[in-house]
Number of protein chains: 2
Amino acid sequence: MTTVSRADIDERVAQRLAEHDIRYTVGRKLTARALVALAGPATAAQLHDELGREVPLSSLYRTLSLFDEAGINERTHDADGVARYELAEWLLGHHHHLVCNKCGEVEDVELATEVEAQLADIVRAIADGSEYHATGHRIDVEGVCGSCRD
Amino acid sequence: MTTVSRADIDERVAQRLAEHDIRYTVGRKLTARALVALAGPATAAQLHDELGREVPLSSLYRTLSLFDEAGINERTHDADGVARYELAEWLLGHHHHLVCNKCGEVEDVELATEVEAQLADIVRAIADGSEYHATGHRIDVEGVCGSCRD
DNA sequence: ACGATATTGAGAATCTTTCTCATATATAGT
DNA sequence: ACTATATATGAGAAAGATTCTCAATATCGT
Ligand SMILES: [Mn+2]
Ligand SMILES: [Mn+2]
Ligand SMILES: [Zn+2]
Ligand SMILES: [Zn+2]
């Protein structure tokens, strides 16, 4: 999934924040690091734990919103309606998700180039038959993960 | 989108509830009717308005949960994390969604059979390369809707 | 180091959704 | 139709996630 190194991403995040005149402070670096370590979108609570509760929840939420605005991460919502955060695609690469209907965990999955091309065609076809100007697509494969299959 | 009539759906909902020994009361009938009228998944607040506030929010939420458990509707969450409800696919037919990034509205879109078949292949391919046992898929085409394009 | 500006953290506030419980409604038996 | 029993409803309280507020801190440029 990672086409670029952790340090590389850190560098790019720093630059993006600089462009927006936003300081790359300790808490923000920690948060970015936690995001880089993920194998799929995580909840604020998960990130909070991951960070050993070093970053208070209110600050963490604010940083995640800030990252959102700066285009550094993306926010989705899981089946329970809880927000999940992950690095934006320009940092992590375009990919999709495997969602476990049992435990709710979400795992990244990157498609082969030709498969992704097929998908792009399909999405274009869908949008063409509508009033929409398509800008992207999102695919979740729903199922049961390895650990939940006993 | 509707391959079956409103009355037909009402009939099927009634039967499904009967199987679960759940009464099909006035409020529940109103709620089902509101769901049938939709062109895409709606929030509880939207349904509440749609129903002229005849059904109190707490009752509406309870009915929607109940329908969920009986497999009559499906709950997703929009970009703001707010729950959106729509009839389940065995009532409405399998379909996907066009999501407007501006106003947040969600519109149903049904794919041609051969396109859907291609998709099924792709989804199978994705799952095969993982530990997941795939049971379904969800595709959102993101873009800007007609009314939001000025 | 100093002053100006941006950031942080704790808790309050907000918003959606769920829960509680007293009351009302529907169902089944007589 | 009447009664008894189970089920459903509605108003408000409660919960849980996220955002907001504001006084205290940290950061940056000089
Ligand atoms: Mn991901
Ligand atoms: Mn739909
Ligand atoms: Zn699982
Ligand atoms: Zn729109």
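Below, read A as the first sequence line, B as the second, and so on, with proteins coming before strands; counting in each chain starts at 1.
Nucleic acid contact class of A:A45 (heavy atoms, under 4.0 Å, all strands): none. Within 4.0 Å of B:S58, counting heavy atoms only, lies at least one base atom of the nucleic acid. Residue B:I22 is in sugar-phosphate contact alone, with no base atom involved, counting any heavy-atom pair closer than 4.0 Å across all strands shown. If you check every strand for non-hydrogen atoms under 4.0 Å, A:R28 touches sugar and phosphate atoms only.
Distance OH (B:Y61) to C1' (C:dT17): 5 Å, rounded to an integer number of Å. If you measure from atom NE2 of B:H77 to atom P of D:dG16, you get 16 Å, rounded to the nearest angstrom. Put simply, CZ on B:R23 is 6 Å from C1' on D:dA6, counting in whole angstrom units. Between A:L60 atom CG and C:dT8 atom P there is a gap of 11 Å when expressed in whole angstrom units. When the P atom of D:dA11 is taken as reference, atom CZ of B:R62 falls 11 Å away, rounded to whole Å. Between B:L66 atom CG and C:dT17 atom P the separation is 17 Å, expressed in whole Å. Here the P atom of nucleotide D:dG16 and the CG atom of A:L57 are 14 Å apart, to the nearest Å. As rounded to whole Å, 14 Å separates atom C1' of D:dA17 from atom CZ of A:R84.
Ring centers of B:H137 and B:H94: under 6.0 Å apart, within the cut-off.
Mapped onto DNA chain C by nearest heavy atom, A:E54 and B:A83 fall at different nucleotides, with A:E54 at the one closer to the 5' end. In terms of position along DNA chain C, the nucleotide closest to B:G81 lies nearer the 5' end than the nucleotide closest to the other residue of the pair B:G81 and B:T25.
The nucleotide whose nearest atom lies closest to any side-chain atom of B:R75 is, among C:dT18, D:dG10, C:dA26, C:dT18. Ranking D:dT18, D:dT27, C:dA10 by closeness to the A:P56 side chain, first place goes to C:dA10.
Scanning both residues, B:A14 and B:Y24, for their nearest heavy atoms gives CB-CD2, 3.7 Å. In this structure, B:V123 and B:G136 approach most closely via the heavy-atom pair CG1-O, 4.4 Å. Heavy-atom minimum distance, A:D78 versus A:T43: OD2-CG2, 4.3 Å.
Contact check, A:S59 against C:dG9: a side-chain N or O comes under 4.0 Å of OP1 or OP2.
In this structure a side-chain-to-backbone donor-acceptor pair under 3.5 Å is present from A:R12 to A:W90.
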